[in-house]
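In what follows, a structure is listed as structure tokens, so that the remarks can point back to it.
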Amino acid sequence: MQTGAGGVMVNKDLMTASFWTQPPAVRDELFAELRAADGPVFCPREGTVGFYALTRHADVVEAARNPGAFSSEPSAVRLDDLPAGTEKYGGSMESMDDPRHARLRRIISGSFTPRILARFEADIQERVTRLVDGLADRRESDFVETVSTPLTVGTAFSMMGIPASAGQELMAAVNIVLAISDSGNLDFPSPEAREAFIKEKFAVMHGFVADLAEVRRKRPAEDLISVLVTANLDGEFLTDLELGRFFTLLVAAGVETTRHALSHGVHLLTQNPAQRALLLGALPTAVDEIVRCATPVAWVRRNVTRDHVLHGYTYRRGDRVLLYHCSANQDEGVFRNPRAFDVTRSPNPHVGYGGGGPHICLGAHLARRQMTTLFNELYTRFPGFHTTDQPTWVKASLVNGIERLPCAIE
């Protein structure tokens, strides 16, 4: 790291593959240095647009709550804009500002109230019980494959009304769409080939959901698709395109983040057996502490729409900034002993579900319900459940994920 003009710190590590494949503890050391820097941090990128890194908790929260200056458009989850021709598929509401964002959130939020989600609690409990039963039969397993993925994918598909038989085809498309968040994750002989492949995967997801929506308009059922395609009290509903975009968001923000938080939780509880002993008596605070330590979505992008002073520095219109949730959740000025995993931590103002503002996570209640139900069932029945090897980390900067986690019943 070096100091540039005007006190700006220059850092070239934050978007390199080598940096994000290091253990989280190593990455935390750099973020601690960046939080302590006097000036802002600029990250140049060869051949394309660089960005500023917001690493302090206060800065991340302020930017998240000020969409007038820090816009989510044209993209909140990609370093670069979507490839030409895919914008109509990938332009979900996390990459929108008001009034478009407010309209979609108003429609969708009516489907994510605790009252409506309570309909699905029995399904979550049944699914959890069945998956934990399966662990007893295997004794040793990969937690990602046998528990966290089938729990979150199964819950999301059940809530949307998507048949389980469609899961394999849809998740193959979903995994490709998620991979494009980090530019360069997919290798193709030409930009045109990459664009065509991505459009094909978006089309698979959108086409399936559109077909199901058509069925539900004629024969509504007890699922989210039925709710979202039926006019509400204000006469508003989601179009097929908006429904496809919402499904993409639900899978990315719901399935992907919660399954990684569950896997991180098992890893953290294995590393901290004293905390594991406290878990069942502290589940609500433990779940939030797991999300704080894991921070499954490491960053989001914002785009500066007007000159704005933040932490004594003027960001200019046209600047790109990344809000590093993973750094904000380790801020020494906000969290006492932030490197410690403490299942009783309270208060815990983490930004694992966003830093507040219009884009605060709609599915936080659902995520907490799945995590609480799973950890309660798992550690009540198998108090010594633990990992048997180090995790295999997802190779990405956006998602702080675990690809494989070998575990066993003690």
Side-chain angles (χ1 to χ4, degrees), residues 77 89-90 92-94 104-105 107-114 116-131 143-179 181 201-202 204-213 215-216 221-229 238 242-263 265 287 291 296-297 352-353 361-374 399 401-402:
V77 293
Y89 293 123
S92 192
M93 71 180 199
E94 86 277 11
L104 289 176
R105 191 176 181 96
I107 298 171
I108 292 169
S109 62
S111 305
F112 273 81
T113 63
I116 290 181
L117 291 177
R119 298 181 191 171
F120 303 101
E121 288 186 0
D123 175 75
I124 292 172
Q125 181 62 65
E126 184 278 331
R127 198 177 303 278
V128 163
T129 300
R130 178 161 35 86
L131 291 171
F143 185 79
V144 177
E145 179 184 5
T146 59
V147 179
S148 63
T149 297
L151 171 58
T152 52
V153 171
T155 298
F157 283 12
S158 175
M159 290 177 66
M160 291 289 284
I162 295 172
S165 58
Q168 186 171 357
E169 178 187 7
L170 277 179
M171 278 310 297
V174 166
N175 286 334
I176 294 298
V177 169
L178 291 174
S181 293
K201 297 307 177 184
F202 270 120
V204 167
M205 295 166 56
H206 282 238
F208 183 90
V209 175
D211 289 345
L212 187 56
V215 172
R216 291 293 185 261
E222 292 292 316
D223 56 47
L224 290 187
I225 284 187
S226 297
V227 174
L228 293 171
V229 300
L238 293 187
E242 290 170 338
L243 190 63
R245 288 171 170 176
F246 170 69
F247 175 68
T248 305
L249 176 63
L250 176 67
V251 173
V255 171
E256 189 73 353
T257 57
T258 304
R259 73 167 175 165
H260 290 314
L262 287 165
S263 301
V287 164
V291 173
V297 177
Y353 297 120
C361 179
L362 274 172
H365 178 81
L366 175 62
R368 288 188 176 103
R369 172 56 58 191
Q370 290 181 88
M371 293 176 68
T372 300
T373 304
L374 186 279
V399 176
I402 294 178

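We number each residue from 1, following the sequence as shown.
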Answer with yes or no whether the side chains of E145 and T149 bring together a donor and an acceptor at under 3.5 Å.
no

Closer than 3.5 angstrom, by distance alone: can the side chain of T373 be matched with the main-chain N or O of R369 as a donor-acceptor pair?
yes

Is the side chain of H260 donor-acceptor paired with the backbone N or O of P296 at a distance under 3.5 Å, no angle test?
no

Do [X] and [Y] come within less than 4.5 Å of each other through their side chains, counting heavy atoms only?
X    : Y    : value
L262 : F143 : yes
P150 : L131 : yes
L374 : V147 : yes
M159 : L224 : yes

Any idea which heavy atoms bring [X] and [Y] closest together, and the distance?
X    : Y    : value
A367 : T258 : CB-OG1, 3.6 Å
T155 : R127 : N-NE, 3.7 Å
F120 : S158 : CE2-O, 4.5 Å
V255 : A156 : CG2-CB, 3.5 Å
R216 : A221 : NE-CB, 3.7 Å

Start with the C-alpha gap between I162 and F208, add the side-chain angles, then the distance that decides, and say whether side-chain contact (heavy atoms from CB on, under 4.5 Å) holds.
CA-CA 9 Å; I162 295 172; F208 183 90; 3.6 Å; yes

Between I124 and Q370, is a side-chain contact (heavy atoms from CB on, under 4.5 Å) present by the stated rule, with each step listed?
CA-CA 7 Å; I124 292 172; Q370 290 181 88; 4.1 Å; yes

Side chain to side chain contact (heavy atoms under 4.5 Å, CB included) partner of S148, the single match among V144, L151, T146, T152:
V144

Let me confirm one number: the CD1-CG distance from I225 to L212, rounded to the nearest 0.5 Å.
4.0 Å

Spacing of R368 atom CZ and L366 atom CG [to the nearest 0.5 Å]:
11.0 Å

Show, in sequence, the C-alpha distance, side-chain angles and deciding distance for M371 and V291, and conclude whether the side-chain contact (heavy atoms from CB on, under 4.5 Å) test is met.
CA-CA 10 Å; M371 293 176 68; V291 173; 4.1 Å; yes

Quick one, T129 with Q125, criterion side chain to side chain donor-acceptor pair (under 3.5 Å). Give me CA distance, side-chain angles, the key distance, then yes/no.
CA-CA 6 Å; T129 300; Q125 181 62 65; 3.1 Å; yes

